[in-house]
Protein chains: 4
Amino acid sequence: MHSVMKALVKERAEPGFTLAQVPVPEIGPTDVLIRVEKAGVCGTDWHIYSWDTWAQARVKTPLTIGHEFMGTVTAIGDAVRAVSVGDRVSAEGHIADLTCLLCRTGQAHICERVQIIGVDCNGAFAEYIAMPEYNVWKLDPAIPDEFAAIFDPLGNAVHTVMSAGVSIKSVVITGVGSIGLMAIPVARAAGASSVYAIDVNPSKLELAKRLGADDTFLATQPGLVDEIKRRTSGDGVDVLLEMSGSGAAIDTGLQMVRNGGTAALLGIPSDNVSINLAERIIFKGLTVLGINGRRMFETWYQTQALVKSGRVDLRPIITHVLPYERFDEAFELMRTGEAAKIVLDFKGDLA
Amino acid sequence: MHSVMKALVKERAEPGFTLAQVPVPEIGPTDVLIRVEKAGVCGTDWHIYSWDTWAQARVKTPLTIGHEFMGTVTAIGDAVRAVSVGDRVSAEGHIADLTCLLCRTGQAHICERVQIIGVDCNGAFAEYIAMPEYNVWKLDPAIPDEFAAIFDPLGNAVHTVMSAGVSIKSVVITGVGSIGLMAIPVARAAGASSVYAIDVNPSKLELAKRLGADDTFLATQPGLVDEIKRRTSGDGVDVLLEMSGSGAAIDTGLQMVRNGGTAALLGIPSDNVSINLAERIIFKGLTVLGINGRRMFETWYQTQALVKSGRVDLRPIITHVLPYERFDEAFELMRTGEAAKIVLDFKGDLA
Amino acid sequence: MHSVMKALVKERAEPGFTLAQVPVPEIGPTDVLIRVEKAGVCGTDWHIYSWDTWAQARVKTPLTIGHEFMGTVTAIGDAVRAVSVGDRVSAEGHIADLTCLLCRTGQAHICERVQIIGVDCNGAFAEYIAMPEYNVWKLDPAIPDEFAAIFDPLGNAVHTVMSAGVSIKSVVITGVGSIGLMAIPVARAAGASSVYAIDVNPSKLELAKRLGADDTFLATQPGLVDEIKRRTSGDGVDVLLEMSGSGAAIDTGLQMVRNGGTAALLGIPSDNVSINLAERIIFKGLTVLGINGRRMFETWYQTQALVKSGRVDLRPIITHVLPYERFDEAFELMRTGEAAKIVLDFKGDLA
Amino acid sequence: MHSVMKALVKERAEPGFTLAQVPVPEIGPTDVLIRVEKAGVCGTDWHIYSWDTWAQARVKTPLTIGHEFMGTVTAIGDAVRAVSVGDRVSAEGHIADLTCLLCRTGQAHICERVQIIGVDCNGAFAEYIAMPEYNVWKLDPAIPDEFAAIFDPLGNAVHTVMSAGVSIKSVVITGVGSIGLMAIPVARAAGASSVYAIDVNPSKLELAKRLGADDTFLATQPGLVDEIKRRTSGDGVDVLLEMSGSGAAIDTGLQMVRNGGTAALLGIPSDNVSINLAERIIFKGLTVLGINGRRMFETWYQTQALVKSGRVDLRPIITHVLPYERFDEAFELMRTGEAAKIVLDFKGDLA
């Protein structure tokens with residue numbers, strides 16, 4: 001094995017990444033080393049690339065970026081039992097402490113001491129990454145590499161949909177960025193009886209329609225709450241999947257939910273949100289769910305079932321696959337909104 | 001039967017009530033007429049009495065006030081089947097339409113077209129009240145009149161506790177007005193492993209202690225979030241029961257809940273509340289429940305079981321029982337905070 | 001209105017029905033009178049027609065048969081509020097007492113004092129039927145008559161599927177009579193990731209395949225438990241929907257469910273079943289659900305959503321529509337197994 | 001550290017145990033070595049001691065027996081992170097594979113490849129035991145040794161009670177052996193509104209009364225189903241906790257549950273049970289839960305909360321504490337039914 005490798009690194013507290021030579025990570029007795037082959041680019045990566053206030057507060061340089069990926073295991077620690085060299089894998093990027101109340105009760109995805117790869121510790125935009133055996137997900141051979149590389153964000157969509165529960169229910173999705181888009185076929189496959197998508201971006205809405213939304217609406221359309229109620233016998237939808245993080249969308253979305261319905265919040269508002277709790281939540285008897293990460297590993301099993309059966313087809317969402325050296329181009333495509341999901345290829349020199 | 005009766009009436013758009021002579025209500029084929037014997041005084045009655053902005057916006061005069069009561073059935077409509085003259089009863093004060101999606105699926109308590117007695121239509125501070133048979137709750141003989149008269153607010157406490165789920169869980173209650181106080185013995189009887197109460201009023205906290213709170217805290221105590229975490233192995237409580245409606249209490253309360261925990265909101269904020277959704281709800285994976293009314297009639301069965309078995313003793317909460325003619329005195333006791341729960345007696349002239 | 005009508009009546013304690021002239025039913029203040037237009041023929045009707053031991057023990061003659069139907073309201077009682085003359089309706093055939101614990105807590109479908117139309121009181125194989133307003137389901141204009149006529153058994157399938165919960169789960173259905181067949185598209189629409197059907201009848205399995213089963217198996221196939229496990233990563237299915245009532249199918253079906261899975265039992269065994277509780281249920285940590293009727297009216301809303309959206313298409317299941325006078329032919333088709341679902345037409349002389 | 005230790009060993013395929021000298025177990029990188037101090041004697045140990053047909057089929061000799069225990073960690077493997085030498089601990093005796101669907105989705109307690117200590121591999125009736133770090137439960141200092149030694153069976157009771165859900169519900173327990181007895185204070189602390197206990201042994205019923213049962217009944221009492229219904233308004237109990245494994249008790253217990261109620265089955269029938277599924281489960285809409293082991297580690301947290309808060313007091317149940325050398329005496333006390341729970345002391349020679 002080589003001792004150095006190429007990686008996309010946030011070297012200094014300023015915009016941009018560097019394609020750097022860094023040491024291949026070392027593994028402990030319960031870790032495995034993975035040769036990264038494909039990796040997804042996420043909005044979080046863009047925050048770090050552009051070095052916005054969130055990134056400045058959270059990220060310590062130098063740091064290898066990236067948390068969505070798949071690859072092949074090349075080495076395992078002495079105490080590893082269930083993963084072997086040669087296994088084709090993806091991995092859960094939230095490294096939980098596995099010892100706290102939450103980890104010991106099946107809720108490791110909200111462990112208070114979680115470390116996120118590519119954010120709190122070195123990540124996946126590199127030739128190699130070390131991961132705890134616990135985090136590794138062995139891939140079914142039927143899952144294509146590109147899809148496997150984005151099981152992490154697809155898992156966000158699946159976890160949101162499954163937490164809300166959509167079986168024979170009507171659903172509104174506010175915000176169809178890449179996770180919101182994925183939530184459309186996921187909700188349909190999970191049994192939603194109708195799925196409406198709302199966004200400010202007409203081209204995203206067009207994609208939403210292709211992905212199976214029953215109808216789509218510009219967030220700016222006047223009378224939108226009434227429009228949604230008209231389509232749901234005047235009651236409002238059973239379920240809101242909030243994926244924009246916009247205060248205005250949250251307020252409008254909550255109005256669209258029927259009394260007794262459920263709102264699952266995945267989008268992260270950058271500021272406090274002012275909410276009329278009495279009218280939007282309390283009198284309506286709503287259930288509001290904060291959604292974070294993906295369940296380990298219910299969500300991964302569900303995600304695999306959806307992709308393997310073909311009920312969720314990610315092809316329309318993966319708009320670009322680029323060699324990792326062209327990362328600046330990838331972030332430019334994200335900035336302009338041209339891309340839905342971009343996958344970077346780290347495998348080129350493997351052959 | 002007499003054709004006129006005495007009632008406490010909001011006659012004009014100004015503070016105060018009038019002890020007036022009004023017609024005995026008429027009943028339709030599915031209604032029953034009840035001779036009111038005891039009635040509880042609620043914060044809502046105080047809002048209408050003092051004629052605050054909420055009351056001015058909601059209440060149309062003239063209106064007979066009051067929604068918590070018990071009494072005896074004196075007449076029944078032609079189509080009434082399960083209630084008889086002479087039955088000793090309380091009643092659910094939310095008159096739902098019984099025809100909408102919510103009513104037809106066991107959620108009549110959040111019917112969009114609900115009419116609340118004493119708020120939207122004539123109420124229970126009167127010698128007689130007409131109620132739909134559907135709303136009537138036949139009283140177990142083991143339940144004392146005073147307790148039966150306040151099944152409505154006790155039901156709010158029970159519904160909040162049971163919606164959150166407290167069995168072998170740690171609980172914080174923010175705001176121990178009369179419903180918050182009731183929630184303490186209810187939570188203990190429902191299986192809470194620990195109950196902490198927080199309020200701005202030391203005398204209410206003293207009462208909270210007598211009612212079984214494991215510990216009580218002034219809301220103004222510095223470092224209160226940390227104090228609660230110390231008592232819960234550093235994790236925070238499993239459940240928040242928010243019964244104050246205060247924005248500050250909601251924010252503090254949400255911080256006290258552990259990741260993956262549940263917050264049930266019953267208190268009604270008078271204004272929008274500014275919430276850090278990301279830190280308080282989303283990253284923590286919280287479940288936030290809006291709570292309204294009481295379930296028809298799960299909550300009533302549960303309330304009855306708690307009172308009948310003696311596991312919830314309301315005596316410390318009912319601080320005053322007064323003849324209804326002394327209603328001004330009752331509202332003065334509420335205003336000064338001297339009273340926890342006041343029950344009015346409408347039975348005096350029955351003998 | 002006429003005072004007499006035609007009806008299919010069990011006149012005496014012997015096989016067969018009589019096409020008789022009987023009084024049009026009278027309605028009470030909370031009832032409605034419905035002109036029956038289409039009615040479904042159920043296995044229960046066959047039990048009564050053939051006068052088997054179950055029927056002999058349960059049915060008191062004379063009795064008008066039939067419980068699956070749709071029609072138009074022609075008269076309403078004085079206290080009826082939400083149903084009007086001219087409404088096109090179906091109705092829940094379980095007449096619950098509406099006053100017991102179960103009815104008062106949203107579980108009227110398992111009321112202990114339920115009366116089933118066409119079994120315990122006069123039914124729907126007639127020109128008119130009287131029903132309590134509470135039981136009436138107003139039909140969406142988008143629902144064709146034939147489908148509306150069988151909302152009752154379709155509701156059994158929906159209630160079974162939704163009680164088990166199938167969203168992103170693997171499902172085995174044992175027994176594909178008409179309800180088992182309906183459960184296939186229902187389970188798929190509700191989000192099942194795979195649906196396997198098992199029966200002794202190859203032609204029913206063929207129909208199962210057309211209705212969307214991923215795979216079908218003869219119950220007699222050797223090694224069937226292993227075969228199902230092979231298709232589910234060796235674990236077994238998440239959910240069993242038992243719709244045969246056969247003791248052997250129940251035993252085999254329970255073996256096919258993975259540890260921690262769910263078995264919903266709808267099929268009614270005619271005798272006691274001998275079960276290895278330790279191996280089949282206890283050590284596996286199974287959840288076993290007894291399923292009866294349909295939820296009032298969650299199931300009806302769900303059924304409507306499925307049919308209206310076209311996600312469940314009943315056309316392949318309704319193999320015959322016959323004028324009601326040809327009822328003997330209908331039962332002969334049932335006896336030979338040629339029919340899946342037969343609908344009788346009572347509307348002929350309406351024009 | 002010594003290389004040999006004393007242990008109670010099943011040496012040959014015949015009744016009885018031998019107090020033998022055996023090697024101290026070796027530990028792998030993720031294991032810990034525990035000096036056993038106190039250990040509970042279970043019915044399972046009795047099966048192995050008396051060498052009944054179950055034991056003959058399951059147990060391979062030679063084997064160190066025992067699975068309920070507490071002690072102190074004396075050595076840890078290289079990859080152990082969260083347990084230290086000197087920690088006072090108990091441990092989950094079900095060693096799951098941690099790699100299967102069930103283990104990866106929070107259901108390790110029903111892992112198909114589970115190894116139970118003292119049954120499938122060497123157990124805790126010894127001076128030392130090796131356990132995977134994952135299985136270790138660090139004890140709160142407030143928990144007395146004797147109570148800590150029986151967290152395993154207490155956990156069975158807690159898991160059964162919490163799976164059924166008893167908050168403000170009426171409960172019947174059939175079979176009050178040691179776990180059934182423990183279930184009484186657990187159910188009360190978890191919020192049961194009433195707890196009835198049934199057994200064939202009057203002295204166990206007396207103990208049940210002392211532990212908080214509202215009422216107790218001999219299983220042979222005529223009309224017992226009606227008696228229980230009389231105490232529950234004619235409906236039957238909300239919850240059955242079946243802890244006898246007797247077919248007759250299961251049949252009677254199911255009859256005592258109200259329609260829509262829940263039956264949790266923990267007792268293991270030694271043979272098939274013949275059940276009237278139609279009348280006992282299907283028409284009633286029951287939920288029947290197979291219960292196995294304890295949840296890792298929700299149940300352990302709940303068990304700790306109950307014992308630490310004093311809401312569950314195990315003193316009346318632990319009838320004997322004996323030095324381990326007197327194990328024959330312990331099994332004689334079990335055989336005669338004189339003992340409820342016996343704890344063996346392995347600590348004597350530690351001083």
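In this text, all values refer to a predicted model and were calculated from it rather than measured experimentally.
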Distance check, rounded to the nearest 0.5 Å: C/R280 atom CZ versus D/N272 atom CG? 8.0 Å

Which portion of D/I291 sits near chain C, non-hydrogen atoms under 4.5 angstrom: backbone

Heavy-atom cut-off 4.5 Å, strictly under: side chain, backbone, both or neither for C/L266 against chain D? backbone

Checking C/R258 against chain D: side chain, backbone, both or neither under 4.5 Å from a heavy atom? side chain

Taking every heavy-atom pair that is under 4.5 Å apart, which of C/G293, C/S233, C/G234, C/S274 has the most such pairs with chain D? C/S274

All heavy atoms of C/A278 vs all of D/P269, minimum pair found to be CB-O, 4.1 Å

Greatest number of heavy atom pairs closer than 4.5 Å to chain D - which of C/T105, C/T262, C/L289: C/L289

Which bit of C/I110 comes within less than 4.5 Å of chain D, counting heavy atoms only: side chain, backbone, both or neither? both

Chain C contact via D/L286 - side chain, backbone, both or neither, heavy atoms under 4.5 Å: backbone

Measure across D/I282 and C/G267 and return the closest heavy-atom pair with its distance rounded to 0.1 Å. CD1-O, 3.2 Å

Is it the backbone or the side chain of C/Q107 that comes under 4.5 Å from a heavy atom of chain D, or both, or neither? side chain

Beyond-backbone contact of C/N259 with D/N292, side-chain heavy atoms, under 4.5 angstrom: no

Using a cut-off of under 4.5 Å on heavy-atom pairs, state which of D/I275, D/L277, D/I250 scores highest against chain C. D/I275

